[in-house]
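Report on the structure given below.
Heavy atoms only: backbone and side chains are in, while hydrogens, waters and symmetry mates are out. A quick note: this is a predicted structure, and the numbers were derived from the prediction, not measured.
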Amino acid sequence: LFGKIKELRGEDSHEYRIVSDAMLMVWKGLLQETKDIDITQEIDKTTEVTIDEWLRTWEKFDKKHMPIWQWEYLKYMFFLIDTSGDKYIDVDEYVEVMGIYGMKPDESKAAFKKFAVDAGKPVDKVNYGQFVRLWYDYFGSKDKSKPGNWLFGKVE
């Protein structure tokens with residue numbers, strides 16, 4: 001995915017630097033939280049986080065007390081999906097990026113329609129503030145009817 005941003009926006013682009021810095025922060029924070037690794041020291045590049053560790057991390061999600069690495073991950077995902085760099089996510093951008101993750105275009109379009117709402121009304125684009133609220137729903141809500149639960153595809 002870094003390669004895609006680098007290709008679309010360039011290695012010297014603001015967006016590429018943001019996502020590169022963000023992912024380093026995310027990785028270090030995740031290792032610190034799951035492995036109790038001192039992130040001020042050199043990190044072994046072979047260290048892995050298991051799926052169970054990843055899921056346990058998000059089970060503790062609290063939007064009022066998000067660690068910095070979770071904020072960086074949120075920012076990373078917004079800039080990743082905003083492929084045009086216009087500070088909005090539209091359906092075409094969403095479909096393109098979710099395709100990288102293996103989601104089919106029709107599924108992506110359906111998911112976008114479910115979460116791209118403001119005060120219950122459909123919108124053509126999602127800005128950063130809206131994305132943050134959707135993120136809170138996705139990681140923090142048990143209510144499957146919340147729009148944010150569609151942020152990364154079909155609600156199971």
Side-chain angles (χ1 to χ4, degrees), residues 1-9 11 13-83 85 87 89 93-117 126-156:
L1 295 176
F2 283 123
K4 187 69 170 170
I5 294 174
K6 185 177 177 181
E7 175 188 324
L8 290 170
R9 300 185 196 152
E11 187 173 5
S13 71
H14 178 67
E15 291 83 6
Y16 182 72
R17 284 192 310 274
I18 286 173
V19 296
S20 295
D21 292 347
M23 279 315 293
L24 180 59
M25 176 79 71
V26 168
W27 184 241
K28 285 182 173 185
L30 188 57
L31 290 177
Q32 184 177 36
E33 190 164 324
T34 60
K35 310 280 189 197
D36 199 29
I37 291 175
D38 180 357
I39 60 173
T40 63
Q41 303 298 313
E42 184 69 27
I43 296 174
D44 179 0
K45 294 187 188 320
T46 63
T47 304
E48 295 181 0
V49 173
T50 67
I51 291 173
D52 286 339
E53 289 170 327
W54 174 256
L55 294 174
R56 277 195 305 274
T57 296
W58 292 104
E59 286 172 358
K60 300 181 283 184
F61 178 78
D62 180 355
K63 70 181 183 183
K64 294 180 181 176
H65 299 97
M66 283 174 49
I68 190 75
W69 74 265
Q70 287 181 355
W71 276 109
E72 291 296 321
Y73 186 51
L74 185 162
K75 181 171 64 173
Y76 164 80
M77 288 305 298
F78 182 82
F79 279 102
L80 176 69
I81 300 170
D82 175 25
T83 59
K87 311 297 186 266
I89 297 169
E93 291 170 321
Y94 182 77
V95 169
E96 176 186 353
V97 173
M98 291 300 112
I100 295 168
Y101 285 105
M103 192 185 304
K104 295 176 182 163
D106 58 330
E107 293 172 351
S108 298
K109 288 176 185 174
F112 187 86
K113 282 184 180 181
K114 294 282 190 178
F115 73 73
V117 295
V126 173
N127 66 31
Y128 185 76
Q130 292 164 317
F131 189 82
V132 169
R133 289 189 295 279
L134 293 167
W135 188 271
Y136 289 167
D137 285 351
Y138 184 82
F139 286 106
S141 175
K142 304 289 187 220
D143 181 355
K144 288 188 177 188
S145 69
K146 293 280 191 178
N149 287 312
W150 291 87
L151 192 57
F152 298 109
K154 185 178 179 182
V155 176
E156 298 292 326

Check: By salt bridge (charged side-chain N to carboxylate O under 4.0 Å, His left out), which residues pair with E107, not counting sequence neighbours?
Finding: none
Check: Would you say E33's side chain and L30's backbone share a donor-acceptor pair under 3.5 angstrom?
Finding: no
Item checked: Residue of the set V95, L151, V97 for which side chain to side chain contact (heavy atoms under 4.5 Å, CB included) holds with I81 -> V97
Under 3.5 Å, which donor-acceptor pairs link side chains of residues 134-141 to any protein atom two or more places apart or in another chain?
residue	atom	partner	partner atom	Å
D137	OD2	G148	N	3.3
S141	OG	D143	N	2.9
S141	OG	D143	O	3.4

Note to self: Which heavy atom of A111 sits nearest to which heavy atom of G153, and what is that distance?
What the structure shows: CB-CA, 4.0 Å
Notebook entry, point to check: When rounded to the nearest 0.5 angstrom, what is the spacing between NZ in K87 and CZ in F79?
Noted result: 5.0 Å
Item checked: Passing option when F115 is tested against F152, F131, Y94 for ring-ring contact (aromatic ring centres under 6.0 Å, His included) -> Y94
Margin query: The criterion is side chain to side chain contact (heavy atoms under 4.5 Å, CB included); which residues satisfy it with K113, sequence neighbours excluded?
Written below: none
Check: Considering only heavy atoms from C-beta outward, does the side chain of W150 approach that of V117 to under 4.5 Å?
Finding: no
Next item on the list: Decide whether T46 and D44 meet the rule of one side-chain donor and one side-chain acceptor closer than 3.5 Å.
Entry: yes
Note to self: If I take atom CD from residue E53 and atom CG from residue L31, how far apart are they, to the nearest 0.5 angstrom?
What the structure shows: 9.0 Å
Margin query: How long is the straight-line distance from NZ of K154 back to NZ of K114, given to the nearest 0.5 Å?
Written below: 10.5 Å
Item checked: Residues forming a salt bridge (charged side-chain N to carboxylate O under 4.0 Å, His left out) with K63, sequence neighbours excluded -> none
Next item on the list: Can you measure from CG (L80) to CE (M23) and round to the nearest 0.5 angstrom?
Entry: 9.5 Å
Notebook entry, point to check: Can you tell me how far the CD atom of E93 sits from the CE atom of M98, to the nearest 0.5 Å?
Noted result: 11.5 Å
Next item on the list: Please name the pair of heavy atoms, one in Q70 and one in F61, separated by the smallest distance, quoted to 0.1 Å.
Entry: OE1-CD1, 3.5 Å
Next item on the list: Scan residues 31-57 for pairs that pass ring-ring contact (aromatic ring centres under 6.0 Å, His included), counting only residues two or more places apart or in two chains.
Entry: W54-W58, W54-Y73
Item checked: Interatomic distance, I89 atom CD1 to Q130 atom CD [nearest 0.5 angstrom] -> 9.5 Å
Item checked: Other residues, nucleotides, ligands: >12 heavy atoms within 6.0 Å of I51 CD1 -> no
Notebook entry, point to check: Does a sphere of radius 6.0 Å around CG in D36 hold more than 12 heavy atoms from other residues, nucleotides or ligands, not counting ones at 6.0 Å or beyond?
Noted result: no
Margin query: I'd like to check the salt bridge (charged side-chain N to carboxylate O under 4.0 Å, His left out) partners of K75; sequence neighbours left out, ordered by chain and number.
Written below: E72
